[in-house]
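Only a predicted model underlies this, so the values are computations on that prediction, with no experimental measurement involved. Residue numbers begin at 1 in each chain, while the letters A, B, ... track the order of the sequences.
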Number of protein chains: 2
Amino acid sequence: MVTIYDIAAKANVSAMTVSRVINNTGKISEKTRAKVRRVMEELNYVPNQTARSLVLQQTKLLFLLITDIMNPFYTTLARGAEDAAKKSGYRLLFGNSDESLEKEADYVTTILTARVDGVLVAPAGDPSLPHLESLRRHHVPFVLLDREVPGIECDIVLGDSKDGARRLVEYLIERGHRRIAMVNGSSSISSARLRLQGYQEGLKLNDLPCDERYVYETSFGPLKDLTEMEQWIERMDPLPTAIVAGNNVLAIEAMKLLRDRGIGVPDDMSIVCFDDLGPYSESEPFLTVAAQQAYQFGYMGMQMLIERIDERGAAAALPWKKIVLPADLIIRRSVKDLAQ
Amino acid sequence: MVTIYDIAAKANVSAMTVSRVINNTGKISEKTRAKVRRVMEELNYVPNQTARSLVLQQTKLLFLLITDIMNPFYTTLARGAEDAAKKSGYRLLFGNSDESLEKEADYVTTILTARVDGVLVAPAGDPSLPHLESLRRHHVPFVLLDREVPGIECDIVLGDSKDGARRLVEYLIERGHRRIAMVNGSSSISSARLRLQGYQEGLKLNDLPCDERYVYETSFGPLKDLTEMEQWIERMDPLPTAIVAGNNVLAIEAMKLLRDRGIGVPDDMSIVCFDDLGPYSESEPFLTVAAQQAYQFGYMGMQMLIERIDERGAAAALPWKKIVLPADLIIRRSVKDLAQ
DNA sequence: TTGTATGCGTTATCAA
DNA sequence: TTGATAACGCATACAA
């Protein structure tokens with residue numbers, strides 16, 4: 001490996017002079033600067049970030065941990081985070097926890113040992129608490145995305161899940177739907193809980209009963225086994241006329257199951273969901289969604305994180321910030337108007 | 001930061017003893033081992049990978065560079081790479097070049113300075129050559145994915161693009177299509193070139209003319225501006241009865257444009273494409289595709305990479321390996337049978 | 001404007 | 001079975 005000493009020797013200067021040229025610090029004569037530069041090019045020198053990090057105690061590396069790399073919500077969010085990080089001269093690394101606490105724990109280890117300067121985390125759920133405490137204990141600044149974790153105070157970017165879910169339900173009710181079911185993510189996830197609350201609130205505000213057989217709880221993540229959801233659909237009698245899905249993945253999976261049973265959307269069943277579908281949002285049946293501002297989640301979260309890092313060591317710590325982004329109701333064609 | 005010396009002091013041993021406990025090397029009495037372990041827990045010690053990498057000259061970190069994090073082909077591939085890396089005790093970091101040479105160059109810098117042990121690269125295209133040469137010059141083992149780059153010899157996992165494209169065309173011809181257009185990625189990308197060749201070959205084998213006005217070249221990546229593609233569609237006279245898309249992104253975008261002009265799929269226009277759509281493969285209109293084994297790309301590529309890393313320093317270097325994975329033709333419902 | 005000495009946290013080597 | 005010392009590649013503080 002070519003080191004700063006190799007450059008120094010070949011350029012007839014000290015290692016320090018080379019270091020100064022690399023970092024543009026101190027005063028260097030143009031002549032030596034040019035000479036050093038030339039030798040660096042010749043030898044294809046690349047500074048060893050490992051050594052640099054060791055002495056500087058910072059890596060200029062940020063980390064984004066998402067829970068489902070197959071979900072357009074998170075990939076769009078990743079693009080936002082990427083752009084914001086780049087703008088501030090940080091590099092960004094990704095990790096994918098797959099909604100698994102175990103993998104999340106693994107990534108926390110990576111993060112800790114890699115000594116990244118900060119982390120953007122979409123936690124797997126409430127049980128992620130020890131992972132976050134671990135980050136906190138080791139003074140790794142982090143910003144939470146999309147999900148709150150009871151027991152930890154921190155900067156966070158959230159969507160207005162309750163409001164969004166309520167609006168989805170009200171939209172359905174306005175179109176004459178009375179039997180509205182919900183398929184949702186795990187209740188150990190704050191956003192899932194809020195979406196359920198919003199759903200229930202929407203029903204109550206319109207004097208509709210909350211039949212718990214119409215609510216099915218599973219995982220937001222990549223679903224391996226759909227037989228349970230299938231059974232749920234079969235058990236519902238009478239069938240609902242509409243289903244609210246807690247996120248886009250669930251909506252897609254539910255639609256597949258319905259289709260397999262000859263139940264078409266929107267003719268035989270209406271479906272709405274949280275989160276848009278990225279590039280696939282305009283595939284039939286043009287799902288009506290409460291679209292979260294995925295890109296902004298990443299972009300604003302990253303800004304908060306970098307702010308937090310830059311102000312590290314400041315006399316008074318800033319109070320924790322919480323950004324709540326509204327969801328946009330995008331009306332497409334997955335809902336049948338029963339009121340006509 | 002808690003260091004190995006803090007542990008050593010509190011446990012009344014030397015730093016070396018602590019190091020041995022951490023790494024399970026050398027002979028340690030059970031008593032001291034237990035004592036050291038206890039102190040480590042107490043102080044929440046996490047080894048500093050930065051320091052460790054500096055002395056060991058290896059990071060146990062692998063890198064996966066993809067070109068489009070929004071594309072299910074790459075996210076599925078990423079899952080495969082992740083699984084294979086984990087199996088061998090490596091950690092995996094992701095980067096997203098967005099089909100941009102500039103961002104790719106940036107990530108190469110990250111890779112070089114971060115001293116990762118190896119890289120899986122889906123190159124942006126032929127102009128990626130200098131980036132790969134840079135990796136080679138710095139002895140960073142790498143495996144190419146999905147695209148060849150003329151001028152560099154290395155391990156690589158490819159799809160059989162030419163064969164897949166030809167089969168897509170032949171499928172269309174069998175169903176009575178005669179005017180078949182193609183929208184494709186940049187000709188600076190090997191897989192795009194091969195898909196074009198496969199398309200042309202399919203036509204020629206069936207004595208159909210290759211009208212160059214029926215071929216439109218753009219980018220595989222996130223498309224910002226669709227006006228050019230729109231103009232291409234308008235210019236074609238007569239309209240083709242079918243379009244072959246060089247990848248899934250292009251198929252989706254083309255479909256949107258067609259739909260906006262009132263041209264329905266498959267009734268007014270048939271569409272097929274390379275690459276499946278992940279979770280959205282069963283959205284209407286159920287695209288017929290030449291599905292690549294995305295997960296296998298990642299999994300096998302990662303295996304080759306790790307093999308290469310493990311055998312570094314071996315007397316005789318292994319010859320370069322090339323894996324070509326066939327594409328599976330998945331028939332769904334985006335093609336109209338004109339032959340009936 | 002340039003150079004010397006030192007330390008970042010860890011492990012390899014050799015000695016005890 | 002344990003410990004002292006040096007080294008990994010770089011930047012800070014101070015000296016020249």
How long is the line joining [atom1] of [X] and [atom2] of [N], in whole Å?
X       : N       : atom1 : atom2 : result
N48(B)  : dC8(D)  : CG    : C1'   : 13 Å
Y5(B)   : dT5(D)  : OH    : P     : 10 Å
M40(B)  : dT10(C) : CE    : C1'   : 14 Å
I7(B)   : dT10(C) : CD1   : C1'   : 13 Å
R52(B)  : dG9(D)  : CZ    : P     : 18 Å
M1(B)   : dG7(C)  : CE    : P     : 16 Å
L112(A) : dT10(C) : CG    : C1'   : 17 Å
Q57(A)  : dC10(D) : CD    : P     : 17 Å

Nearest-neighbour nucleotide for the [X] side chain, [options] considered:
X      : options                  : answer
I4(A)  : dT11(C), dA11(D), dC8(D) : dA11(D)
A51(B) : dC10(D), dG9(C), dA12(C) : dG9(C)
L54(B) : dC8(C), dC10(D), dC8(D)  : dC8(D)

Relative orientation of the end axes in the helix from dT1(C)-dA16(D) to dA16(C)-dT1(D), expressed as an angle to the nearest 10° (five pairs per end):
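End axes: 40° apart.
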By side-chain contact (heavy atoms from CB on, under 4.5 Å) - contacts of [X] (at least two apart):
X       : result
D106(B) : K86(A), R91(A)
S191(B) : D146(B), R147(B), S161(B), I189(B), R195(B), F220(B)
R136(A) : F142(A), I152(A), C154(A), W320(A)

Report the residue (V55(B) or V55(A)) whose heavy-atom-nearest nucleotide on DNA chain D is the more 5′ of the two.
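The residue whose closest nucleotide sits nearer the 5' end is V55(B).
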Point-to-point distance, once rounded to the nearest 0.5 Å, from CG of L93(B) to CG of L65(B)
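It comes to 11.5 Å.
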Of V116(A), I309(A), V119(A), L120(A), the residue whose pairing with L62(A) passes side chain to side chain contact (heavy atoms under 4.5 Å, CB included)
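Going through V116(A), I309(A), V119(A), L120(A) one by one, the side chain to side chain contact (heavy atoms under 4.5 Å, CB included) with L62(A) is satisfied by I309(A) alone.
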Hey, is D155(B) close enough to R308(B) for a salt bridge, meaning N to O under 4.0 Å?
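A salt bridge is present here (some side-chain N lies under 4.0 Å from a carboxylate O).
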Are D83(A) and Y299(A) side-chain neighbours, meaning at least one heavy-atom pair lies under 4.5 Å?
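The answer is yes; the side chains approach within 4.5 Å.
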Indicate, with a heavy-atom threshold strictly under 4.0 Å, whether Q49(B) touches base, sugar-phosphate, or nothing.
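Contact class for Q49(B): none.
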Pair up each side-chain donor or acceptor in residues 5-13 of chain A with any protein partner under 3.5 Å, not counting sequence neighbours, and list the distances.
unit_1, atom_1, unit_2, atom_2, d
D6(A), OD2, T3(A), N, 2.8
K10(A), NZ, E42(A), OE1, 3.3

Please give me every residue in residues 10-35 of chain A whose heavy atoms get under 4.0 Å of an atom in DNA chain D, ordered by residue number.
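Those residues whose heavy atoms fall under 4.0 Å from DNA chain D, taken from residues 10-35 of chain A in numerical order, are M16(A), S19(A), N23(A).
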Can you classify the ring geometry of F73(A) versus F297(A) as parallel (below 30°), tilted (30 to 60°) or perpendicular (above 60°)?
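Rings of F73(A) and F297(A): perpendicular, over 60°.
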